[in-house]
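Just so we're clear, the structure is a prediction, and the values are computed from it rather than from any experiment.
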Amino acid sequence: MKIDYSCYLVTDEACLNGKDLCEAVREALEGGVTMVQYRAKNTDGGTMYDVGKKLKAICDEFSVPLIVNDRVDVALSIGAAGVHLGQSDLPCKAARELARSYGFIIGVSAHNLEEANQALMDGATYLGCGAVFGSSTKTDAGYLGLDGLKAICDDVYLPIVGIGGVNASNYADVIKAGASGGAIVSGILGAENIKEAAREICHIKDEL
């Protein structure tokens, strides 16, 4: 499965305004989303497993990788493409030992150069770096800014996804800073027309 980080959707049911998560993800994929991270911070493992299986089936229809946030066990049990780990989650090295399978994607959140270089040494596949513009969906994310993002992109030889307040109005700035993509939450899932919101960001990517 091709890994394209350019339009990286991160789920957050609080953004959906009553819409079904699986249907919202399908609409985003129809709009061109290239990667999906299933993030459900306050959801139990059993529910994540059930929802994750449904999301995996939908992502497979579009040949798009599904990444599970935090939970290596859920990611492995549903056959997801990989996992994304925060600084307080299971260490990247330990996740790699658990996964073992060749090609399992491990993303790591990094908020500064030190964390980014440590993730590189620990075997991360890619980095999620932010918050680039601040975040309304993740209040504990430290502020990185575009300059901080560029510094990491210039120094660390890994695909980097900028996250935190990324939307159609600033997506191009994230890519110009050197990132492989932008992680979008409310900029897609909070839109009245999810498919068109995703399509707009993918159009910006294609124009750069």
Side-chain angles (χ1 to χ4, degrees), residues 1-13 15 21-22 24-26 28-29 31-43 45 47-110 115-116 119-120 122-131 135 137-138 141 158-164 166 174 179-189 198 201-202:
M1 185 179 289
K2 181 183 177 183
I3 304 174
D4 180 349
Y5 298 95
S6 59
C7 189
Y8 185 124
L9 178 72
V10 180
T11 71
D12 187 333
E13 294 197 66
C15 298
L21 175 61
C22 291
V25 169
R26 179 180 291 279
L29 288 164
V33 160
T34 60
M35 204 159 185
V36 176
Q37 181 190 134
Y38 173 36
R39 186 173 75 186
K41 286 288 188 180
N42 300 313
T43 302
T47 302
M48 283 192 73
Y49 174 78
D50 290 338
V51 175
K53 284 197 299 183
K54 295 176 183 177
L55 291 175
K56 171 71 165 49
I58 295 169
C59 287
D60 284 351
E61 290 179 36
F62 294 84
S63 297
V64 166
L66 175 68
I67 305 297
V68 176
N69 189 64
D70 296 346
R71 299 291 299 266
V72 181
D73 55 342
V74 174
L76 291 173
S77 65
I78 67 172
V83 69
H84 188 88
L85 302 170
Q87 288 294 314
S88 60
D89 295 326
L90 188 71
C92 180
K93 282 184 178 179
R96 186 64 73 194
E97 282 295 312
L98 282 173
R100 293 191 178 275
S101 64
Y102 177 77
F104 189 75
I105 299 167
I106 301 180
V108 176
S109 294
E115 291 178 356
L120 172 65
D122 290 344
T125 313
Y126 75 95
L127 302 178
C129 297
S135 174
T137 62
K138 199 170 189 301
L158 279 178
I160 291 169
V161 178
I163 188 168
V166 182
V174 172
S180 299
I184 301 105
V185 191
S186 59
I188 290 177
L189 294 182
I201 289 170
C202 290

**Q.** Between CD1 on residue Ile67 and CG on residue Leu55, distance to nearest 0.5 Å
**A.** 12.5 Å

Q | Nearest heavy-atom neighbours spanning Tyr5 and Pro159 | A | CE1-CB, 3.6 Å

Q.
Assess the residue pair Leu90 and Arg71 against the criterion (side chain to side chain contact (heavy atoms under 4.5 Å, CB included)); give the C-alpha distance rounded to whole Å, side-chain angles, the decisive distance to 0.1 Å, and a yes or no.
A. CA-CA 9 Å; Leu90 188 71; Arg71 299 291 299 266; over 6 Å; no

**Q.** Gap separating the CG atom of Leu21 from the CG atom of Leu189, nearest 0.5 angstrom
**A.** 7.5 Å

Q | Tyr49 and its side chain to side chain contact (heavy atoms under 4.5 Å, CB included) partner, picked from Thr43, Ile78, Val68, Asp73 | A | Ile78

**Q.** Nearest-0.5 Å distance, CG of residue Asp4 to SG of residue Cys202
**A.** 8.5 Å

Q: Hey, could you give me the CZ/OG1 distance between Phe104 and Thr125, rounded to the nearest 0.5 Å?
A: 8.5 Å

Q. With a 4.0 Å cut-off, would you call Lys54 and Asp50 a salt bridge?
A. no

Q: Considering non-hydrogen atoms only, spot the tightest contact between Val74 and Gly45 and give its length.
A: CG2-O, 4.2 Å

Q | Minimum heavy-atom distance Gly182-Val174, with the two atoms named | A | CA-CG1, 4.3 Å

**Q.** Residue from Val161, Ile106, Ile3, Ile160 passing side chain to side chain contact (heavy atoms under 4.5 Å, CB included) with Tyr126
**A.** Val161

Q: Specify whether His84 and Tyr8 have parallel, tilted or perpendicular ring planes, treating 30° as the upper limit for parallel and 60° as the lower limit for perpendicular.
A: perpendicular

Q | Closest approach of Ala124 to Leu158 (non-hydrogen atoms, all atoms of both residues) | A | O-CD2, 3.5 Å

Q. Just how far is it from atom CG of Leu76 to atom CZ of Arg100, taken to the nearest 0.5 Å?
A. 11.5 Å

Q. Do Val108 and Asp122 come within less than 4.5 Å of each other through their side chains, counting heavy atoms only?
A. no

Q: Of all the heavy-atom pairs spanning Gly52 and Leu66, show the shortest one and how long it is.
A: O-CD2, 3.8 Å

Q) Between OG of Ser186 and CG of Asp12, what distance do you get to the nearest 0.5 Å? A) 8.0 Å

Q.
Against Thr34, only a single residue in Ser6, Ser63, Pro65 fulfils side chain to side chain contact (heavy atoms under 4.5 Å, CB included); can you say which?
A. Ser6

Q) At their closest point, which heavy atom of Leu85 faces which heavy atom of Asp70, and how far apart are they? A) CD2-O, 3.7 Å

